[in-house]
A.B. asks: 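Let me give you the structure first, and then I'll get to my questions.
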2 protein chains.
Amino acid sequence: MPIRILIVDDHPVLHEGLAAMLESEADFAVVGGAADAESGIDAFRKLRPDVTLMDLKMPGMGGLKGVRALREEFPGAKVVVLTTFRGDANAREAIGAGAAGYLLKTTLRSELVACIRKVHAGGRYLCADVSADIATYLGSEPLTERELLILAMIAEGLENKRIGTKLDISSETVKSHLTRIFEKLGAHNRTQAVHIALRRGMLGDFAD
Amino acid sequence: MPIRILIVDDHPVLHEGLAAMLESEADFAVVGGAADAESGIDAFRKLRPDVTLMDLKMPGMGGLKGVRALREEFPGAKVVVLTTFRGDANAREAIGAGAAGYLLKTTLRSELVACIRKVHAGGRYLCADVSADIATYLGSEPLTERELLILAMIAEGLENKRIGTKLDISSETVKSHLTRIFEKLGAHNRTQAVHIALRRGMLGDFAD
DNA sequence: CGGCCGGTCACCCGAACGGGGGAGCGCGCC
DNA sequence: GGCGCGCTCCCCCGTTCGGGTGACCGGCCG
């Protein structure tokens with residue numbers, strides 16, 4: 001009996017590419033597909049695939065919450081995240097959300113297949129680039145939610161005072177958050193902090 | 001006789017997806033593929049395809065220069081750019097470099113096929129999102145090379161003085177460039193300028 | 001030739017930023 | 001209960017930023 005696979009990706013081209021790739025493996029069967037996390041979970045309920053391939057950036061709830069929600073409802077679900085972006089933060093969160101595999105879209109067919117096999121067998125698989133990224137920042141403290149929120153507003157170019165107003169806190173508080181953010185990221189000013197955060201995938205990334 | 005297509009893309013999954021999609025059209029024939037611009041041009045020399053699909057972000061020279069180089073050697077080459085990223089700047093440059101089509105990877109199969117047909121017939125095709133982006137910023141003045149260079153350094157978090165040192169100019173000059181950059185982008189501070197530039201695809205983008 | 005444009009530099013000044021302290025307060029965990 | 005952590009706020013002070021204004025020069029184009 002083949003490994004039954006569900007594909008959740010909103011890029012038609014990629015979606016079909018994956019399907020074509022996987023179908024050509026003798027013991028793989030693509031049993032369904034969806035273009036966003038919500039309908040992906042629906043599809044899972046009906047199909048109960050062995051392995052689910054999920055993109056991170058999708059309309060609606062997004063892939064990260066998708067993984068979390070899916071794993072909450074089906075703790076045994078085996079999910080492989082497949083995304084365009086590097087950066088340790090994305091991968092860490094995905095793994096924290098319960099993903100068993102994490103691949104980049106630059107992955108070779110052979111690696112994709114190997115990953116699915118490994119995950120299906122109950123293992124984990126991270127592609128090399130990503131595990132390297134994670135290793136690089138192993139010791140680094142994660143930002144708190146508040147800090148991430150403020151950093152996101154910084155990234156949009158807001159000034160401390162305006163952020164304070166929006167969050168109903170003093171601009172002094174914003175400053176002290178910022179100081180901690182700089183410490184954690186190793187930045188010396190707000191623009192550099194944004195740069196590092198983008199590189200590490202900590203901010204709601206640009207582009208789809 | 002079918003429309004002969006060359007695919008240049010470094011993402012195996014996407015590459016195969018495109019190939020699968022296009023092959024399933026009766027009058028399309030994928031005659032070759034490459035994973036970077038240089039070998040894409042090599043392939044073009046041998047194959048002389050009717051239409052070339054090219055990704056923008058690739059190792060080596062990158063897709064933009066690839067299009068430029070290809071069109072220089074073969075002014076009649078019909079190139080469709082296929083990329084993940086929105087933003088008017090990317091698209092403008094690609095068109096300026098001689099691309100006849102510009103699609104996002106979120107494009108539907110039907111649109112992809114239509115685009116290739118239109119370009120093959122000698123026409124142009126931009127996907128709706130991108131032409132909307134371009135329309136939005138129609139009146140805006142483009143940044144000069146110098147300004148882009150400085151903006152890129154700003155994006156990395158460098159301060160004016162350090163940029164001045166690196167470029168061997170006064171920090172006052174950096175400031176006056178910056179003032180012009182703010183004007184052109186409609187920004188009020190450096191971080192916001194970077195934000196806008198990223199959104200508009202003006203900076204060497206993040207991620208592959 | 002005269003103008004325009006892009007790049008260079010200068011000075012003033014008020015506002016924003018970043019580093020240095022210190023200090024409360026609520027919450028969860030041991 | 002005590003401790004730590006995250007969030008909140010405050011003051012000081014030197015630096016950087018950003019706006020305003022003005023100026024020079026070399027190249028390109030009409």
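In what follows, every chain begins at residue 1, and chains take the letters A, B, ... in the order their sequences are listed.
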A.B. asks: If you compare every side-chain N and O of A:T144 against the phosphate oxygens of D:dC7 (OP1, OP2), does one of them come in below 4.0 Å?
C.D. replies: yes
A.B. asks: Just the rounded figure in Å: distance from C1' of D:dC5 to CD of A:E147.
C.D. replies: 11 Å
A.B. asks: For the pair A:R92 and A:D133, find out whether any cationic side-chain nitrogen is under 4.0 Å from an anionic carboxylate oxygen.
C.D. replies: no
A.B. asks: From the options D:dG6, C:dC9, D:dT8, select the nucleotide whose nearest atom is closest to the side chain of A:H177.
C.D. replies: D:dT8
A.B. asks: At under 4.0 Å between heavy atoms, what does A:T179 touch on the DNA or RNA strands: base, sugar-phosphate, or nothing?
C.D. replies: nothing
A.B. asks: Can you tell me how the ring of A:F85 sits relative to the ring of B:F85, calling it parallel under 30°, perpendicular over 60° and tilted otherwise?
C.D. replies: perpendicular
A.B. asks: Could you pick out which residue, A:S176 or A:F182, lies toward the 5' side of DNA chain C when each is mapped onto its nearest nucleotide?
C.D. replies: A:F182
A.B. asks: Below 4.0 angstrom from OP1 or OP2 of C:dC17, is there any side-chain N or O of A:N189?
C.D. replies: no
A.B. asks: Please tell me if the side chains of B:E111 and B:Y125 come closer than 4.5 Å, counting only heavy atoms from C-beta onward.
C.D. replies: yes
A.B. asks: Determine whether any donor atom in the side chain of B:K175 lies under 3.5 Å from an acceptor atom in the base of D:dG19, or the reverse, and answer yes or no.
C.D. replies: yes
A.B. asks: Let me know the distance between CD of A:E172 and P of C:dG22, rounded to the nearest Å.
C.D. replies: 16 Å
A.B. asks: Does a nitrogen or oxygen in the side chain of B:R146 sit under 4.0 Å from OP1 or OP2 of C:dT8?
C.D. replies: yes
A.B. asks: Is there a donor in the side chain of A:T144 and an acceptor in the side chain of A:R180, or the other way round, less than 3.5 Å apart?
C.D. replies: no
A.B. asks: Do any side-chain nitrogens or oxygens of A:K161 fall under 4.0 Å of OP1 or OP2 in C:dA16?
C.D. replies: yes
A.B. asks: Does A:N160 have a side-chain nitrogen or oxygen under 4.0 Å from the phosphate oxygens OP1 or OP2 of C:dA16?
C.D. replies: no
A.B. asks: Nearest to the B:L178 side chain among C:dG6, D:dG18, D:dC17, which nucleotide is it?
C.D. replies: D:dG18
A.B. asks: Would you say a side-chain N or O of A:H188 is under 4.0 Å from OP1 or OP2 of C:dG18?
C.D. replies: no
A.B. asks: Looking at the side chain of B:E159, which of D:dC17, D:dC9, C:dA10 is the nearest nucleotide?
C.D. replies: D:dC17
A.B. asks: Is any side-chain N or O of A:S170 closer than 4.0 Å to OP1 or OP2 of D:dT8?
C.D. replies: no
